Amino acid sequence: MVNDRLCQIYGYSRDEVLGRQFFDFIHPEDRNRIVNDFMEAVAKAQTLPAIEFRGLRKDGSVIWLFTSPSALVIEGQLAGFSVIIQDITSLKQAEEALKESEQRYRSLFHHNPAMTYSIDRQGYFTSINAAAQKVSGYSEEEALKMHFSQLVPPENMEIVKQHYEGSLRGEPQSYETAFITKDGRKIDVNVTGIPIIIDGNTIGVYGITEDITGRKKAAEDLRVALEKVSSTLDGTIEAIAMMSELRDPYTAGHQRMVSQLAVAIAEQLGLEQDRVQDLAVAGLLHDVGKVYVPSEILSKPGKLTSLELGLAKAHAEASYNIVRSIKFSGPIAHIVWQHHERIDGSGYPQGLVGDQIMLEAKILGVADVVEAMVSHRPYRPALGLDKALDEIVRNRSILYDAQAVDACLLLFNEKGFKFHD
(Lines give C-alpha, C1' and ligand atoms only; values in the text may rest on other atoms or scores of the structure.)
Protein backbone atom coordinates (compact mmCIF):
# COMPACT_ATOMS: atom_id res chain seq x y z
CA MET A 1 0.00 0.00 0.00
CA VAL A 2 1.13 3.57 -0.66
CA ASN A 3 -0.73 6.87 -0.27
CA ASP A 4 -0.92 9.85 -2.64
CA ARG A 5 1.50 11.96 -0.61
CA LEU A 6 4.33 9.44 -0.92
CA CYS A 7 3.75 9.25 -4.68
CA GLN A 8 3.87 13.04 -4.80
CA ILE A 9 7.12 13.16 -2.79
CA TYR A 10 8.85 10.66 -5.09
CA GLY A 11 7.22 11.79 -8.33
CA TYR A 12 5.89 8.33 -9.25
CA SER A 13 2.35 7.12 -9.84
CA ARG A 14 0.90 4.51 -7.50
CA ASP A 15 1.15 1.82 -10.18
CA GLU A 16 4.85 2.60 -10.64
CA VAL A 17 5.49 2.15 -6.92
CA LEU A 18 3.42 -0.88 -5.98
CA GLY A 19 5.27 -4.16 -6.32
CA ARG A 20 8.73 -2.57 -6.13
CA GLN A 21 11.10 -2.85 -3.21
CA PHE A 22 11.17 0.11 -0.85
CA PHE A 23 14.97 0.00 -1.06
CA ASP A 24 14.83 0.90 -4.78
CA PHE A 25 13.83 4.41 -3.77
CA ILE A 26 16.79 4.96 -1.40
CA HIS A 27 20.01 6.68 -2.47
CA PRO A 28 22.72 4.05 -3.21
CA GLU A 29 25.04 5.54 -0.57
CA ASP A 30 22.39 5.04 2.15
CA ARG A 31 20.90 1.79 0.84
CA ASN A 32 23.16 -0.74 2.58
CA ARG A 33 22.72 0.94 5.95
CA ILE A 34 18.92 0.95 5.66
CA VAL A 35 18.80 -2.64 4.34
CA ASN A 36 20.94 -3.87 7.24
CA ASP A 37 18.74 -2.06 9.77
CA PHE A 38 15.61 -3.59 8.19
CA MET A 39 17.08 -7.08 8.15
CA GLU A 40 18.05 -6.79 11.78
CA ALA A 41 14.52 -5.62 12.62
CA VAL A 42 13.04 -8.51 10.62
CA ALA A 43 15.18 -10.99 12.47
CA LYS A 44 14.10 -9.58 15.81
CA ALA A 45 10.52 -8.73 14.76
CA GLN A 46 10.86 -5.27 16.25
CA THR A 47 10.27 -1.64 15.29
CA LEU A 48 13.21 0.25 13.75
CA PRO A 49 14.55 3.38 15.42
CA ALA A 50 13.89 6.70 13.68
CA ILE A 51 16.19 7.17 10.71
CA GLU A 52 17.15 9.86 8.20
CA PHE A 53 18.11 8.93 4.66
CA ARG A 54 18.31 10.26 1.14
CA GLY A 55 15.69 9.25 -1.40
CA LEU A 56 15.84 9.28 -5.20
CA ARG A 57 12.91 10.86 -7.02
CA LYS A 58 11.78 9.72 -10.47
CA ASP A 59 13.57 12.70 -12.07
CA GLY A 60 16.84 11.68 -10.40
CA SER A 61 16.86 14.50 -7.84
CA VAL A 62 17.83 13.75 -4.24
CA ILE A 63 15.52 14.41 -1.29
CA TRP A 64 16.01 13.99 2.44
CA LEU A 65 13.46 11.84 4.27
CA PHE A 66 12.70 10.92 7.87
CA THR A 67 10.88 7.79 9.01
CA SER A 68 10.28 5.56 12.00
CA PRO A 69 9.09 2.20 10.57
CA SER A 70 6.79 0.13 12.79
CA ALA A 71 6.72 -3.66 12.64
CA LEU A 72 3.35 -5.20 11.70
CA VAL A 73 3.06 -8.39 13.79
CA ILE A 74 0.11 -10.71 13.17
CA GLU A 75 -0.37 -13.71 15.43
CA GLY A 76 3.18 -13.41 16.62
CA GLN A 77 4.65 -13.30 13.13
CA LEU A 78 6.25 -10.30 11.41
CA ALA A 79 4.01 -9.53 8.44
CA GLY A 80 5.72 -6.34 7.29
CA PHE A 81 6.28 -2.71 8.23
CA SER A 82 4.17 0.39 8.42
CA VAL A 83 6.32 3.29 7.19
CA ILE A 84 5.38 6.93 7.71
CA ILE A 85 7.74 9.18 5.77
CA GLN A 86 8.31 12.92 6.14
CA ASP A 87 10.07 15.05 3.52
CA ILE A 88 12.73 16.97 5.47
CA THR A 89 14.65 18.31 2.46
CA SER A 90 13.97 21.94 3.33
CA LEU A 91 15.07 21.35 6.91
CA LYS A 92 18.31 19.64 5.81
CA GLN A 93 19.03 22.44 3.33
CA ALA A 94 18.51 24.99 6.10
CA GLU A 95 20.84 22.99 8.38
CA GLU A 96 23.49 22.87 5.66
CA ALA A 97 23.12 26.59 4.99
CA LEU A 98 23.47 27.29 8.71
CA LYS A 99 26.50 25.02 8.93
CA GLU A 100 28.10 26.75 5.94
CA SER A 101 27.30 30.15 7.43
CA GLU A 102 28.87 29.14 10.74
CA GLN A 103 31.98 27.87 8.96
CA ARG A 104 32.24 31.14 7.03
CA TYR A 105 31.85 33.16 10.21
CA ARG A 106 34.51 31.13 12.01
CA SER A 107 36.88 31.52 9.08
CA LEU A 108 36.31 35.29 8.94
CA PHE A 109 36.61 35.54 12.71
CA HIS A 110 39.84 33.58 13.09
CA HIS A 111 41.56 34.97 9.98
CA ASN A 112 40.56 38.60 10.53
CA PRO A 113 43.83 40.60 10.64
CA ALA A 114 42.30 42.87 13.31
CA MET A 115 42.10 41.71 16.91
CA THR A 116 38.63 40.16 17.17
CA TYR A 117 36.91 38.64 20.18
CA SER A 118 33.62 38.27 22.03
CA ILE A 119 32.80 39.00 25.66
CA ASP A 120 29.79 37.82 27.67
CA ARG A 121 27.55 40.01 29.83
CA GLN A 122 29.81 39.43 32.83
CA GLY A 123 32.83 40.73 30.91
CA TYR A 124 34.61 37.42 30.33
CA PHE A 125 36.10 36.48 26.97
CA THR A 126 34.17 33.76 25.14
CA SER A 127 36.27 33.76 21.94
CA ILE A 128 39.47 35.35 20.69
CA ASN A 129 41.05 35.16 17.25
CA ALA A 130 44.66 34.56 16.23
CA ALA A 131 45.47 38.26 15.74
CA ALA A 132 44.26 39.11 19.25
CA GLN A 133 46.31 36.25 20.69
CA LYS A 134 49.43 37.42 18.85
CA VAL A 135 49.18 41.07 19.90
CA SER A 136 48.07 40.46 23.49
CA GLY A 137 50.48 37.59 24.07
CA TYR A 138 47.74 35.45 25.64
CA SER A 139 46.79 32.06 24.25
CA GLU A 140 43.14 31.23 23.61
CA GLU A 141 43.14 28.97 26.66
CA GLU A 142 44.49 31.78 28.86
CA ALA A 143 42.20 34.45 27.42
CA LEU A 144 39.01 32.43 27.90
CA LYS A 145 39.61 32.52 31.66
CA MET A 146 40.10 36.30 31.75
CA HIS A 147 37.93 39.34 32.39
CA PHE A 148 38.45 42.24 29.99
CA SER A 149 39.39 44.49 32.94
CA GLN A 150 42.64 42.54 33.33
CA LEU A 151 43.87 44.09 30.06
CA VAL A 152 42.87 47.69 30.77
CA PRO A 153 45.16 50.22 32.51
CA PRO A 154 43.53 51.68 35.66
CA GLU A 155 43.42 55.19 34.19
CA ASN A 156 41.41 53.90 31.20
CA MET A 157 39.03 51.63 33.13
CA GLU A 158 36.17 54.09 33.56
CA ILE A 159 35.89 55.00 29.88
CA VAL A 160 36.13 51.35 28.81
CA LYS A 161 33.40 50.32 31.27
CA GLN A 162 31.13 53.11 30.03
CA HIS A 163 31.46 51.99 26.44
CA TYR A 164 31.08 48.31 27.38
CA GLU A 165 27.85 49.09 29.24
CA GLY A 166 26.69 51.11 26.24
CA SER A 167 27.19 48.05 24.02
CA LEU A 168 25.20 45.91 26.47
CA ARG A 169 22.35 48.42 26.07
CA GLY A 170 22.37 47.59 22.36
CA GLU A 171 24.32 50.66 21.26
CA PRO A 172 27.40 50.10 19.01
CA GLN A 173 30.49 51.85 20.38
CA SER A 174 33.73 53.17 18.90
CA TYR A 175 36.49 54.69 21.02
CA GLU A 176 40.22 54.87 21.69
CA THR A 177 41.84 53.48 24.81
CA ALA A 178 44.91 51.46 25.85
CA PHE A 179 45.54 47.77 26.58
CA ILE A 180 48.22 46.04 28.61
CA THR A 181 49.80 43.01 26.91
CA LYS A 182 50.96 39.87 28.71
CA ASP A 183 54.57 41.11 28.76
CA GLY A 184 53.51 44.41 30.33
CA ARG A 185 53.63 46.66 27.24
CA LYS A 186 51.02 49.40 26.97
CA ILE A 187 49.55 49.79 23.48
CA ASP A 188 47.09 52.33 22.12
CA VAL A 189 44.04 50.79 20.46
CA ASN A 190 40.87 51.75 18.67
CA VAL A 191 37.94 49.61 19.84
CA THR A 192 34.65 48.95 18.08
CA GLY A 193 32.09 47.21 20.30
CA ILE A 194 29.05 45.63 18.62
CA PRO A 195 26.17 44.19 20.68
CA ILE A 196 25.51 40.46 20.23
CA ILE A 197 21.72 40.31 20.15
CA ILE A 198 19.77 37.03 20.10
CA ASP A 199 15.97 36.95 20.27
CA GLY A 200 15.95 40.60 21.27
CA ASN A 201 18.36 40.09 24.17
CA THR A 202 21.96 41.37 24.27
CA ILE A 203 24.03 38.40 25.42
CA GLY A 204 27.45 39.99 25.04
CA VAL A 205 29.71 42.20 22.97
CA TYR A 206 31.61 41.47 19.76
CA GLY A 207 34.83 43.48 19.70
CA ILE A 208 37.17 44.53 16.90
CA THR A 209 40.34 46.22 18.11
CA GLU A 210 43.11 47.85 16.09
CA ASP A 211 46.59 48.56 17.43
CA ILE A 212 47.11 52.26 16.69
CA THR A 213 50.27 52.76 18.75
CA GLY A 214 52.35 53.57 15.68
CA ARG A 215 49.65 55.78 14.23
CA LYS A 216 49.24 57.67 17.51
CA LYS A 217 52.97 58.20 17.71
CA ALA A 218 53.05 59.46 14.13
CA ALA A 219 50.10 61.76 14.81
CA GLU A 220 51.68 63.01 18.01
CA ASP A 221 54.99 63.59 16.26
CA LEU A 222 53.17 65.50 13.54
CA ARG A 223 51.15 67.50 16.07
CA VAL A 224 54.31 68.52 17.92
CA ALA A 225 56.01 69.45 14.67
CA LEU A 226 53.03 71.54 13.60
CA GLU A 227 52.77 73.20 17.00
CA LYS A 228 56.39 74.32 16.81
CA VAL A 229 55.83 76.07 13.50
CA SER A 230 52.28 77.37 14.01
CA SER A 231 53.60 80.88 14.67
CA THR A 232 56.26 80.90 11.94
CA LEU A 233 56.17 82.00 8.33
CA ASP A 234 53.82 80.59 5.72
CA GLY A 235 56.78 78.85 4.06
CA THR A 236 57.42 76.77 7.18
CA ILE A 237 53.75 75.76 7.41
CA GLU A 238 53.88 74.76 3.74
CA ALA A 239 56.90 72.54 4.42
CA ILE A 240 54.94 70.71 7.11
CA ALA A 241 52.02 70.26 4.74
CA MET A 242 54.35 68.47 2.33
CA MET A 243 54.75 65.68 4.90
CA SER A 244 51.39 64.24 3.87
CA GLU A 245 52.03 64.79 0.16
CA LEU A 246 55.21 62.73 0.31
CA ARG A 247 53.02 59.67 0.96
CA ASP A 248 51.02 60.32 -2.21
CA PRO A 249 53.15 61.34 -5.23
CA TYR A 250 50.05 61.84 -7.38
CA THR A 251 48.85 64.74 -5.25
CA ALA A 252 52.25 66.39 -4.72
CA GLY A 253 51.63 70.12 -4.65
CA HIS A 254 47.87 69.67 -4.37
CA GLN A 255 47.57 71.43 -1.01
CA ARG A 256 49.72 74.37 -2.12
CA MET A 257 47.72 74.91 -5.31
CA VAL A 258 44.38 74.54 -3.50
CA SER A 259 45.59 77.18 -1.04
CA GLN A 260 46.51 79.50 -3.95
CA LEU A 261 43.09 79.24 -5.58
CA ALA A 262 41.21 79.47 -2.27
CA VAL A 263 43.08 82.67 -1.37
CA ALA A 264 42.36 84.16 -4.80
CA ILE A 265 38.62 83.36 -4.49
CA ALA A 266 38.51 84.81 -0.96
CA GLU A 267 40.21 87.99 -2.09
CA GLN A 268 37.85 88.27 -5.06
CA LEU A 269 34.93 88.06 -2.61
CA GLY A 270 36.47 90.79 -0.45
CA LEU A 271 37.04 88.76 2.71
CA GLU A 272 39.01 90.42 5.50
CA GLN A 273 42.76 89.79 5.45
CA ASP A 274 42.80 87.69 8.60
CA ARG A 275 40.13 85.37 7.11
CA VAL A 276 42.12 85.15 3.88
CA GLN A 277 45.23 84.23 5.89
CA ASP A 278 43.31 81.56 7.82
CA LEU A 279 42.10 80.14 4.51
CA ALA A 280 45.65 80.12 3.15
CA VAL A 281 46.86 78.02 6.10
CA ALA A 282 43.76 75.76 5.99
CA GLY A 283 44.44 75.12 2.30
CA LEU A 284 48.01 74.09 3.07
CA LEU A 285 46.88 71.69 5.82
CA HIS A 286 43.49 70.45 4.63
CA ASP A 287 44.76 66.99 3.60
CA VAL A 288 47.35 66.47 6.35
CA GLY A 289 45.06 63.75 7.78
CA LYS A 290 46.09 61.50 4.88
CA VAL A 291 48.83 60.22 7.17
CA TYR A 292 46.02 58.07 8.62
CA VAL A 293 45.06 56.63 5.21
CA PRO A 294 47.03 53.55 4.05
CA SER A 295 49.38 54.51 1.20
CA GLU A 296 48.09 51.65 -0.97
CA ILE A 297 44.64 53.30 -0.94
CA LEU A 298 46.06 56.74 -1.75
CA SER A 299 47.89 55.40 -4.80
CA LYS A 300 45.41 52.70 -5.89
CA PRO A 301 44.94 52.90 -9.68
CA GLY A 302 41.45 51.36 -9.78
CA LYS A 303 38.10 52.13 -8.20
CA LEU A 304 38.04 52.08 -4.39
CA THR A 305 35.81 49.61 -2.54
CA SER A 306 33.22 51.01 -0.14
CA LEU A 307 35.50 50.15 2.80
CA GLU A 308 38.52 51.81 1.14
CA LEU A 309 36.41 54.85 0.28
CA GLY A 310 35.32 55.10 3.90
CA LEU A 311 38.96 55.02 5.04
CA ALA A 312 39.88 57.68 2.46
CA LYS A 313 37.00 59.92 3.56
CA ALA A 314 38.21 59.67 7.16
CA HIS A 315 41.08 62.03 6.26
CA ALA A 316 38.84 65.10 6.78
CA GLU A 317 38.12 64.15 10.40
CA ALA A 318 41.76 63.15 10.90
CA SER A 319 42.98 66.47 9.49
CA TYR A 320 40.67 68.32 11.88
CA ASN A 321 41.90 66.34 14.89
CA ILE A 322 45.51 67.14 14.01
CA VAL A 323 45.06 70.81 13.17
CA ARG A 324 42.80 71.63 16.14
CA SER A 325 45.59 70.74 18.57
CA ILE A 326 47.63 73.66 17.23
CA LYS A 327 47.06 77.06 18.86
CA PHE A 328 45.98 78.96 15.74
CA SER A 329 44.21 82.25 16.39
CA GLY A 330 41.55 81.61 13.70
CA PRO A 331 39.07 78.75 13.01
CA ILE A 332 41.51 76.92 10.73
CA ALA A 333 40.68 73.49 12.15
CA HIS A 334 36.96 73.96 11.43
CA ILE A 335 37.65 75.12 7.87
CA VAL A 336 39.69 71.95 7.35
CA TRP A 337 36.96 69.84 9.00
CA GLN A 338 34.22 71.17 6.70
CA HIS A 339 36.01 71.35 3.34
CA HIS A 340 34.20 68.21 2.04
CA GLU A 341 30.74 69.35 3.20
CA ARG A 342 28.26 70.22 0.44
CA ILE A 343 25.36 72.72 0.23
CA ASP A 344 22.70 70.00 -0.16
CA GLY A 345 23.98 67.98 2.81
CA SER A 346 25.54 65.20 0.72
CA GLY A 347 29.07 65.92 1.93
CA TYR A 348 31.05 64.51 4.85
CA PRO A 349 32.00 64.00 7.64
CA GLN A 350 29.08 65.84 9.36
CA GLY A 351 26.54 66.14 6.53
CA LEU A 352 26.16 69.89 7.09
CA VAL A 353 23.70 71.88 4.96
CA GLY A 354 23.79 75.41 3.50
CA ASP A 355 24.62 78.08 6.07
CA GLN A 356 25.80 75.47 8.56
CA ILE A 357 29.01 75.39 6.51
CA MET A 358 31.56 78.18 7.00
CA LEU A 359 32.10 80.40 3.95
CA GLU A 360 35.84 79.69 4.12
CA ALA A 361 35.12 75.95 3.98
CA LYS A 362 32.81 76.45 0.99
CA ILE A 363 35.58 78.37 -0.80
CA LEU A 364 38.12 75.68 0.07
CA GLY A 365 35.72 73.01 -1.21
CA VAL A 366 35.41 74.70 -4.63
CA ALA A 367 39.19 75.20 -4.88
CA ASP A 368 39.78 71.57 -3.87
CA VAL A 369 37.42 70.18 -6.55
CA VAL A 370 38.80 72.36 -9.35
CA GLU A 371 42.45 71.61 -8.57
CA ALA A 372 41.77 67.88 -8.21
CA MET A 373 40.03 67.70 -11.60
CA VAL A 374 42.75 69.55 -13.49
CA SER A 375 45.44 67.30 -11.99
CA HIS A 376 46.41 63.70 -12.73
CA ARG A 377 45.25 60.98 -10.34
CA PRO A 378 46.16 57.25 -10.07
CA TYR A 379 42.65 56.24 -11.16
CA ARG A 380 42.30 58.71 -14.09
CA PRO A 381 44.22 61.23 -16.18
CA ALA A 382 43.77 64.98 -15.68
CA LEU A 383 40.28 66.04 -16.80
CA GLY A 384 41.22 69.59 -17.75
CA LEU A 385 40.07 73.03 -16.69
CA ASP A 386 36.95 73.09 -18.90
CA LYS A 387 35.50 70.00 -17.24
CA ALA A 388 36.45 71.29 -13.80
CA LEU A 389 34.64 74.58 -14.38
CA ASP A 390 31.69 72.76 -15.93
CA GLU A 391 31.42 70.65 -12.77
CA ILE A 392 31.14 73.63 -10.43
CA VAL A 393 28.73 75.44 -12.81
CA ARG A 394 26.40 72.40 -13.06
CA ASN A 395 26.34 72.02 -9.30
CA ARG A 396 26.28 75.72 -8.41
CA SER A 397 23.99 76.21 -5.37
CA ILE A 398 23.52 72.42 -5.22
CA LEU A 399 26.88 71.18 -4.04
CA TYR A 400 28.95 74.34 -4.21
CA ASP A 401 28.44 77.88 -2.87
CA ALA A 402 27.20 80.25 -5.61
CA GLN A 403 29.47 83.14 -4.54
CA ALA A 404 32.56 80.94 -4.52
CA VAL A 405 31.67 79.42 -7.91
CA ASP A 406 31.10 82.82 -9.53
CA ALA A 407 34.36 84.19 -8.14
CA CYS A 408 36.26 81.12 -9.35
CA LEU A 409 34.82 81.45 -12.86
CA LEU A 410 35.75 85.13 -12.94
CA LEU A 411 39.32 84.35 -11.94
CA PHE A 412 39.85 81.80 -14.72
CA ASN A 413 37.72 83.29 -17.49
CA GLU A 414 38.49 86.97 -17.10
CA LYS A 415 41.49 87.47 -14.83
CA GLY A 416 43.73 84.75 -16.21
CA PHE A 417 44.34 82.93 -12.93
CA LYS A 418 46.95 80.15 -13.18
CA PHE A 419 48.36 77.77 -10.63
CA HIS A 420 52.07 78.23 -9.93
CA ASP A 421 54.66 76.02 -8.25
Side-chain angles (χ1 to χ4, degrees), residues 114 153 155-156 159-160 162-163 166 172-179 186-193 208-232 236-248 251 254-255 258-259 262 278-295 297-298 307-342 347-352 356-358 360-362 364-365 368:
E155 64 272 20
N156 295 85
I159 187 70
V160 173
Q162 288 177 9
H163 285 288
Q173 306 287 313
S174 181
Y175 58 99
E176 289 185 6
T177 183
F179 278 175
K186 182 178 178 180
I187 60 173
D188 294 308
V189 293
N190 181 274
V191 179
T192 299
I208 302 174
T209 296
E210 180 186 8
D211 183 354
I212 59 171
T213 306
R215 182 194 303 171
K216 290 275 285 187
K217 184 178 184 304
E220 177 62 18
D221 290 346
L222 181 59
R223 186 194 66 78
V224 171
L226 288 173
E227 188 172 38
K228 288 179 180 178
V229 300
S230 64
S231 60
T232 63
T236 306
I237 296 177
E238 184 173 354
I240 297 299
M242 288 177 62
M243 291 172 62
S244 62
E245 293 181 351
L246 291 175
R247 300 184 70 243
D248 184 8
T251 58
H254 167 71
Q255 294 184 120
V258 168
S259 180
D278 287 345
L279 191 49
V281 177
L284 289 170
L285 300 178
H286 75 279
D287 276 346
V288 74
K290 285 185 177 179
V291 295
Y292 278 79
V293 182
S295 56
I297 293 179
L298 293 176
L307 177 59
E308 291 170 336
L309 185 60
L311 290 172
K313 285 184 174 182
H315 82 273
E317 186 89 26
S319 296
Y320 166 72
N321 287 328
I322 293 170
V323 175
R324 71 173 177 169
S325 64
I326 305 170
K327 303 296 188 290
F328 286 120
S329 59
I332 294 172
H334 282 81
I335 299 172
V336 168
W337 196 12
Q338 297 179 12
H339 79 277
H340 276 295
E341 301 291 351
R342 296 295 180 254
Y348 62 89
Q350 302 175 83
L352 301 181
Q356 293 177 333
I357 310 168
M358 299 174 62
E360 290 90 334
K362 295 174 182 177
L364 187 58
D368 191 32

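As the structure is a prediction and not an experimental result, all values here were calculated from the model.
- For the pair Gly365 and Arg342, the tightest heavy-atom approach, listed with the atom from each and the gap, is CA-NH1, 4.3 Å.
- With hydrogens and angles ignored, the 3.5 Å screen pairs a side-chain donor or acceptor of Ser259 with a backbone N or O of Ala280.
- Taking 4.0 Å as the cut-off between side-chain N and carboxylate O, Glu155 and Lys186 count as a salt-bridged pair.
- In this structure, Thr213 contributes its side chain and Asp188 its backbone to a donor-acceptor pair below 3.5 Å.
- Ring geometry, His339 versus His286: the interplanar angle exceeds 60°, so the pair is classed perpendicular (tilted spans 30 to 60°).
- Summarising the geometry, atom OH belonging to Tyr348 is positioned 9.5 Å from atom CD belonging to Glu341; distances are rounded to the nearest 0.5 Å.
- Of the inter-residue distances, the one linking Leu285 atom CG with Gln255 atom CD reads 6.5 Å to the nearest 0.5 angstrom.
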When you look at Thr192 and Tyr175, which way does the side chain to side chain contact (heavy atoms under 4.5 Å, CB included) test go after all the steps?
CA-CA 7 Å; Thr192 299; Tyr175 58 99; over 6 Å; no
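- Between the Gln338 side chain and the Lys362 main chain, no donor and acceptor come within less than 3.5 Å of each other.
- Annotation: side chain of Glu360 is not in contact with side chain of Asp278 (no heavy-atom distance under 4.5 Å).
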Walk me through it: do His163 and Val191 pass the test side chain to side chain contact (heavy atoms under 4.5 Å, CB included)?
CA-CA 10 Å; His163 285 288; Val191 179; over 6 Å; no
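- Classified by interplanar angle (parallel below 30°, tilted 30° to 60°, perpendicular above 60°), the ring pair His334/Tyr320 is perpendicular.
- Smallest separation of non-hydrogen atoms from Pro153 and Ala178: CD-O, 3.0 Å.
- The CG atom of Asp211 sits 4.5 Å away from atom CD1 of Ile187, with the distance rounded to the nearest 0.5 Å.
- The CD1 atom of Ile159 sits 9.0 Å away from the CD atom of Gln173 when rounded to the nearest 0.5 Å.
- Within the model, atoms OG of Ser319 and CD1 of Ile332 stand 13.0 Å from one another, a figure rounded to the nearest 0.5 Å.
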Chi angles and distances behind the side chain to side chain contact (heavy atoms under 4.5 Å, CB included) call for Leu279, Ile335:
CA-CA 8 Å; Leu279 191 49; Ile335 299 172; 4.1 Å; yes
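- Taking CD1 of Ile357 as the reference point, atom CG of Leu364 lies at 12.0 Å (rounded to 0.5 Å).
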Test side chain to side chain contact (heavy atoms under 4.5 Å, CB included) applied to His340 and Asp368, step by step:
CA-CA 9 Å; His340 276 295; Asp368 191 32; 3.5 Å; yes
